[in-house]
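What you see below is based on every heavy atom in this structure, not just the backbone, and it leaves out hydrogens, waters and symmetry mates.
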Amino acid sequence: MASSLSFEDPIFSSFAFYATVVILKMMVMSLLTARVRLSKGIFANAEDGKLHKDPKVTTTHPEVERVRRCHQNDIENIVPFVLLGILYVLTGPDPWWAVLRFRVFAASRILHTICYLTPIPQPSRALMFGIGLSINVQMAVSVLRAM
Amino acid sequence: MASSLSFEDPIFSSFAFYATVVILKMMVMSLLTARVRLSKGIFANAEDGKLHKDPKVTTTHPEVERVRRCHQNDIENIVPFVLLGILYVLTGPDPWWAVLRFRVFAASRILHTICYLTPIPQPSRALMFGIGLSINVQMAVSVLRAM
Amino acid sequence: MASSLSFEDPIFSSFAFYATVVILKMMVMSLLTARVRLSKGIFANAEDGKLHKDPKVTTTHPEVERVRRCHQNDIENIVPFVLLGILYVLTGPDPWWAVLRFRVFAASRILHTICYLTPIPQPSRALMFGIGLSINVQMAVSVLRAM
């Protein structure tokens with residue numbers, strides 16, 4: 001239980017790195033949504049399309065909605081990872097397992113996005129989702145056992 | 001102001017427990033959504049239904065959307081609870097009140113989900129939502145007063 | 001690298017203040033959604049409108065959806081701000097730049113909401129979104145450079 005939230009702690013330092021990577025990845029989804037909206041002329045608000053030559057106001061365009069579902073899935077999984085991760089680091093976990101979990105989670109979420117947007121045939125995406133969820137559950141169990 | 005983020009601190013330890021419980025509860029919503037999707041054959045992406053015998057691609061199925069609204073309400077309330085909770089623990093709150101707030105919040109969100117999915121008649125769900133929101137506001141005020 | 005998560009640290013104290021302000025702002029969106037729903041009689045669940053004299057069950061009402069998109073945009077940007085902010089404070093940043101970033105972020109998100117709901121003509125809202133995103137990216141880069 002000697003761990004603390006300090007960049008001098010190698011477990012925290014590793015967590016901070018991978019947490020930042022997945023948060024950046026999540027924020028990239030906003031830019032991807034904007035890119036699809038602008039290239040297709042699909043806007044959710046009437047005032048957004050004013051400068052576009054052929055704007056359509058709809059919230060049901062399949063391509064835009066796919067990117068948004070991918071973003072939503074990130075919120076549903078990456079935010080819990082960062083929140084649980086802070087608590088997990090403070091339990092003083094085994095460094096080898098901790099860093100492995102952070103790396104596998106980050107890889108699974110990057111691959112999840114690639115699977116979602118390409119799209120690579122299922123069950124690739126479901127598998128990547130499951131791996132990320134499993135890491136979150138493992139960290140949650142570690143926190144509950146630290147009581 | 002002696003509190004710190006350490007499992008040796010009983011307030012933090014209690015927070016870590018209830019925060020993990022509500023994050024797990026929030027993540028269970030993903031699995032509930034998947035279960036409703038698979039049992040009804042309702043998919044948001046064409047590639048997801050390939051192995052189902054009678055897949056329908058729609059994002060407006062009432063039962064699926066109810067589970068998703070419940071999940072979204074969790075994101076809108078549980079994520080602020082965990083973020084504000086970290087700051088609140090660091091203000092060195094009264095232990096009795098702090099632990100009571102964590103417990104009431106966790107109970108209100110579990111009951112909120114039960115009210116939403118059963119569904120138990122309103123205003124049960126509105127009340128559970130209000131209790132959770134009130135705890136979040138109380139913690140926010142404590143943080144602002146700690147300046 | 002001397003910073004720590006303590007209200008005795010002026011950078012953390014400033015972060016805790018602005019993080020709480022933007023989380024409160026985000027939670028106000030729930031109440032704004034409820035107010036528009038009740039005033040227009042627009043409900044997402046059949047059981048919610050029982051006490052309203054003229055309830056309509058729909059999830060596509062333009063005014064309700066506008067408030068909800070504004071709330072969703074907050075989730076997509078304010079949650080990353082608070083998560084990255086905790087890591088950023090721990091890098092021991094320059095106090096002047098750190099406090100400036102927290103203030104500019106908070107101002108940009110409050111103005112973003114005003115632009116979205118008034119609505120003030122674009123590109124005001126896009127600019128406010130971009131400023132907030134830019135602060136998040138700056139904090140993320142600082143964290144990655146602290147490794």
| query | If we only count heavy atoms from C-beta on, is the A:E76 to B:M29 side-chain gap below 4.5 Å? | reply | no

| Test item: B:L24 and A:N136 side chains (from C-beta on) under 4.5 Å apart, heavy atoms | no

| field | Heavy-atom pair of closest approach, residues A:P80 and B:I23 | value | CB-CG2, 3.8 Å

| request: Can you measure from CG (B:N45) to CZ (A:R125) and round to the nearest 0.5 angstrom? | output: 4.5 Å

| message | Using the side chain to side chain contact (heavy atoms under 4.5 Å, CB included) criterion, which residues pair with B:S39? Sequence neighbours excluded. | response | none

| remark: Separation between CE (B:M26) and CG (A:L83), nearest 0.5 Å, reads 7.0 Å

| query | Near B:K50 NZ, under 6.0 Å, is it more than 12 heavy atoms from other residues, nucleotides or ligands? | reply | no

| note | Closest non-hydrogen atoms of B:L5 and A:L90, given as atom of the first, atom of the second and distance, are O-CD2, 3.2 Å

| field | Pairs touching residues 65-74 of chain A that satisfy salt bridge (Lys or Arg N to Asp or Glu O under 4.0 Å), sequence neighbours left out | value | A:K25-A:D74, A:E65-A:R68, A:R66-B:E47, A:D74-A:R109

| field | chain B contact via A:V79 - side chain, backbone, both or neither, heavy atoms under 4.5 Å | value | side chain

| query | Does the side chain of B:F17 come within less than 4.5 Å of A:V143's, by heavy atoms? | reply | no

| B:T59, part contacting chain A, at a heavy-atom distance under 4.5 Å | side chain

| For the student: nearest non-hydrogen atoms of A:L87 and B:F15, plus distance | CD2-CE2, 4.4 Å

| Most chain B-contacting option - heavy-atom pairs closer than 4.5 Å, from A:P123, A:A140, A:A126, A:P121 | A:A140

| message | Quick one, B:L31 with A:L133, criterion side chain to side chain contact (heavy atoms under 4.5 Å, CB included). Give me CA distance, side-chain angles, the key distance, then yes/no. | response | CA-CA 10 Å; B:L31 301 178; A:L133 185 69; 3.6 Å; yes

| side chain to side chain contact (heavy atoms under 4.5 Å, CB included) between A:V141 and B:T20: does it pass, once the steps are laid out? | CA-CA 9 Å; A:V141 169; B:T20 302; over 6 Å; no

| query | Does any heavy atom of chain A fall under 4.5 Å from the side chain of B:I78, the backbone, both, or neither of them? | reply | neither

